[in-house]
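Comments concern the structure below.
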Amino acid sequence: MKAERFVEIIGADFYTGVPDSQLKALCDCLMERYGIDPEHHLIAANEGNCTAIAAGYHLATGKAPVVYMQNSGEGNIINPVASLLNDKVYAIPVIFVIGWRGEPGVHDEPQHIYQGLVTLRLLEDMDIASFVVGKETAEEELRQALDRLRSALSAGKSIALVVRKGALTYDGNMTYGNDCAMTREEIIRHIAAAAGEDPVVSTTGKASRELFEIREGNAQSHKYDFLTVGSMGHSSSIALGIALHKPDTRIWCIDGDGAVLMHMGAMAVIGANRPKNLVHVVINNGAHETVGGMPTVAGQMDLPALARACGYPCAVTVNSYGELDRELAAARERGALTLIEARCAIGARADLGRPTTSALQNKESFMEYLTELS
């Protein structure tokens, strides 16, 4: 189904969400139609955030908004759905559009397998009636399903359209870019060189895939790295937990701007604890690149100022490899909590692979290495 027709059939005039690769056609359609427009379309920090924004829209207009997201975001919406939207509380109707990663019987990455298995079950547990949209779903079938579900919206309940892989298409040609010179893969190559044999925690998406391939290309062991293939926004907290309990070992965290935004409170906790052995590198391209390149608000932010306000004693921005190498070397010698924001271009190699080891193998080899460092 064309994304344009999908939008027209839904008939809403406000969308907010977190981009998803399975919903890229919808996201590109919204970006070409509205861009980032407070009246019609906002990209939020996380799924709970956009659910609350949607609630505010309903309070202001009386209309039902649309929240789009990957099914991994269901965990982030449970609290606002149960304690804000639910018809036993404020009865605020929302139309959720959810990309179904890890659908049973469809090959996907390991972090999506269990989430895919429980996607519909979680919606049922949250009292959200759902309809599955697939490649074969006709426009009239979707229209009839929505007509049936609108009685739930009228009663102050939420509904969900769960979108299978390839169900939506878009013929537009949205491209995303910025004026930054450095590439993420090369930044990670420089971080890996500076870290040496120190443990590294890398964030969700292409960053972990690039780190894996850099180790392969250097004929290095993967035991140095914990690849956070799921759980977006939590790599810095994982790194903090390691750093606090391995105080004599320097820990490096490779983070992304979208991930930092998703759970920004983590920076306040890191800053309050000030682990001297943690170097937090945020690669900021101002985009949710792994899922298509849609913008984040981090391109407009002063991340070092935010870090200093959270308690990081040292925080800088770099825009070139020379600056990056200088700050990485300084962080290595400093012995103090440090944040380095590396401004980065949007883009990755078309032939970028995926880790060939399992998540469990990654965990076990990383833990064994941490034990060796004791």
Side-chain angles (χ1 to χ4, degrees), residues 1-20 22-34 37 39-42 44 47 50-51 53-71 73-74 77 80-82 84-88 90-101 103 116 119-172:
M1 185 182 304
K2 298 291 186 183
E4 303 96 313
R5 296 293 299 142
F6 183 77
V7 168
E8 289 166 13
I9 292 168
I10 291 174
D13 63 4
F14 182 74
Y15 284 74
T16 181
V18 177
D20 170 36
Q22 206 134 296
L23 299 176
K24 187 177 187 303
L26 173 63
C27 293
D28 284 350
C29 175
L30 294 174
M31 284 299 297
E32 188 155 63
R33 179 173 295 196
Y34 300 123
D37 175 1
E39 291 189 14
H40 298 291
H41 180 223
L42 287 180
E47 295 82 3
C50 54
T51 300
I53 292 169
Y57 167 84
H58 172 76
L59 293 173
T61 67
K63 300 177 184 179
V66 176
V67 167
Y68 62 85
M69 62 184 193
Q70 188 181 117
N71 56 343
E74 282 185 315
I77 70 170
V81 164
L84 176 66
L85 304 188
N86 188 270
D87 62 322
K88 294 179 177 62
Y90 291 106
I92 296 174
V94 168
I95 302 168
F96 289 97
V97 176
I98 302 173
W100 196 355
R101 295 296 304 267
E103 179 186 355
T119 292
L120 299 180
R121 192 188 315 165
L122 282 174
L123 291 171
E124 183 179 347
D125 287 344
M126 290 188 285
D127 194 24
I128 297 176
S130 64
F131 176 75
V132 176
V133 181
K135 290 182 180 179
E136 72 290 346
T137 303
E139 292 180 11
E140 186 57 30
E141 187 180 0
L142 175 60
R143 188 176 288 106
Q144 290 174 0
L146 280 169
D147 287 343
R148 291 193 302 271
L149 293 171
R150 290 195 193 280
S151 61
L153 292 173
S154 299
K157 292 177 176 286
S158 294
I159 65 173
L161 301 175
V162 180
V163 180
R164 287 180 161 139
K165 184 176 182 180
L168 299 180
T169 62
Y170 184 60
D171 294 332

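Both backbone and side-chain heavy atoms feed into the values below; hydrogens, waters and symmetry mates do not.
When all heavy atoms of Q22 and V163 are compared, the closest pair comes out as NE2-O, 3.6 Å. When every heavy atom of L42 is checked against every heavy atom of Y68, the shortest pair comes out as O-OH, 4.3 Å. Minimum heavy-atom separation, P65 to P93: CD-O, 3.3 Å. A64 and Y57 make their closest contact through C-CE2, 4.3 Å (heavy atoms, listed as atom of the first residue, atom of the second, distance). In terms of heavy atoms, S130 sits closest to L123 at CB-CD1, 4.0 Å. The heavy-atom pair separating P80 from T51 by the smallest distance is CB-CG2, 3.9 Å.
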Please step through side-chain contact (heavy atoms from CB on, under 4.5 Å) for the pair E103 and K165, ending with a clear verdict. CA-CA 9 Å; E103 179 186 355; K165 184 176 182 180; 5.9 Å; no
Evaluate side-chain contact (heavy atoms from CB on, under 4.5 Å) for R143 paired with E8, printing each intermediate quantity in order. CA-CA 10 Å; R143 188 176 288 106; E8 289 166 13; over 6 Å; no
Apply side-chain contact (heavy atoms from CB on, under 4.5 Å) to the pair F14 and T61, showing each step before the final yes or no. CA-CA 10 Å; F14 182 74; T61 67; over 6 Å; no
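The shortest distance between side-chain heavy atoms of E4 and Y170 falls below 4.5 Å. You'll find the side chain of D28 stays beyond 4.5 Å of the side chain of E32, heavy atoms only. L161 places a side-chain heavy atom less than 4.5 Å from the side chain of L142. Taking the side chain as every heavy atom from C-beta outward, L146 and I159 approach each other to under 4.5 Å. Side-chain contact between V132 and L120 is present, with heavy atoms from C-beta onward closer than 4.5 Å. Here the side chains of F96 and I77 are in contact, with some heavy-atom distance below 4.5 Å. A heavy-atom distance below 4.5 Å is not found between the side chains of V18 and Q70. In this structure, the side chains of M31 and H41 come closer than 4.5 Å at one or more pairs of heavy atoms.
Note on residues 123-135: pairs passing salt bridge (charged side-chain N to carboxylate O under 4.0 Å, His left out), not counting sequence neighbours, are D127-K157.
The distance from the CZ atom of R150 to the CD1 atom of I95 is 5.5 Å, given to the nearest 0.5 Å. Atoms OH and CG, on Y90 and L84 in that order, are 7.5 Å from each other to the nearest 0.5 Å. To the nearest 0.5 Å, the span separating CE on M1 from CG on L168 amounts to 7.0 Å. Between the CG atom in L23 and the CZ atom in F6 there is a gap of 7.5 Å [rounded to 0.5 Å]. Interatomic distance, CD of E47 versus CG of N71, reported as 10.0 Å (0.5 Å rounding). Rounding to the nearest 0.5 Å gives a distance of 11.0 Å between CD of E74 and CZ of R121.
At least one donor-acceptor pair closer than 3.5 Å links the side chain of S151 to the backbone N or O of R148. Between the side chain of H58 and the backbone N or O of K63, at least one donor-acceptor pair lies under 3.5 Å. Remark: side-chain polar atoms of S158 are not paired, donor with acceptor, to backbone N or O of I128 under 3.5 angstrom.
Remark: F131 engages no residue in a ring-ring contact (aromatic ring centres under 6.0 Å, His included) (not counting sequence neighbours).
Under the 4.0 Å criterion applied to side-chain N and carboxylate O atoms, E136 and R164 are assigned as salt-bridge partners.
Residues D13 and Y34 bring no donor and acceptor atom of their side chains to less than 3.5 Å of each other.
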